[in-house]
Amino acid sequence: MSVNEVGISVFIDVIMDKMKYLDILNKNLKQSAQKLNLGSNSIFQQDNDLKHTAEIVKLRLLNKYKMRLHTPHQSPDLNVIENLRPKLEISAQKHNIRNKEHLKTVLQEEWAKITPQATQTLVNSIPCRLEAVLKAKGYATKY
């Protein structure tokens, strides 16, 4: 996600592990970065899930992103994309979902409708989120 839009959405039909996560990064990260017009001053963010912090993943990201936001463990307050999930769920519930493929189509359509105002609000909230997490010493905040 950038201040102006969301990146590419990827559906995962298997149990996610470090190799699947690495595969997703390899297939989609560059394409998403190009779509979002991310330059060399962009900051890559992910949580501290074990698959995200695996050595093979760290090495892949080291070559691509010099600046990464390191977050405390279990820090959903800093993952702004989590705020989009409830909106997608509400939007999807407005459709009569018939099967898994229809759900994927609906979610892709709704993902594409996320406005720049929504992403701007979330991205602009990051400094306040960081400050709140620091004040809470890594524990949960109001976000």
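Remember, predicted model here, so these are calculated numbers, not experimental data.
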Has Thr119 got a side-chain atom pairing as donor or acceptor with Val3's backbone, closer than 3.5 angstrom? yes

If we ignore hydrogens and angles and just use 3.5 Å, is the side chain of Lys135 paired with the main-chain N or O of Thr141 as donor and acceptor? no

Take Leu107 and Ser9 through the side-chain contact (heavy atoms from CB on, under 4.5 Å) test and state the conclusion after the steps. CA-CA 9 Å; Leu107 289 174; Ser9 63; over 6 Å; no

Would you say the side-chain atoms of Asp23 pair up with the backbone N or O of Met19, donor to acceptor, closer than 3.5 Å? no

Using atom types as modelled and distance alone, determine if a side-chain donor or acceptor of Ser32 lies under 3.5 Å from a backbone N or O of Ile8. yes

Treating Gln46 as the side-chain partner and His52 as the backbone partner, does any N or O pair qualify as donor plus acceptor under 3.5 Å? yes

Check: Gln45 side chain, Leu78 main-chain N or O, donor-acceptor pair, under 3.5 Å: yes

Can Val57 and Lys51 be said to form a side-chain contact (heavy atoms from CB on, under 4.5 Å), step by step? CA-CA 8 Å; Val57 174; Lys51 64 187 146 285; over 6 Å; no

When you measure from the side chain of Thr121 to the backbone N and O of Gln117, does any donor-acceptor pair fall under 3.5 Å? yes

List for me each residue that meets side chain to side chain contact (heavy atoms under 4.5 Å, CB included) alongside Thr105, sequence neighbours excluded, and say none if there are none. Glu109

Sorted by first residue and then second, give each ring pair (Phe, Tyr, Trp, His ring centres under 6.0 Å) pair with at least one member in residues 97-132; sequence neighbours left out. none

Counting only heavy atoms not in Asn96, do more than 12 fall under 6.0 Å of its CG? no

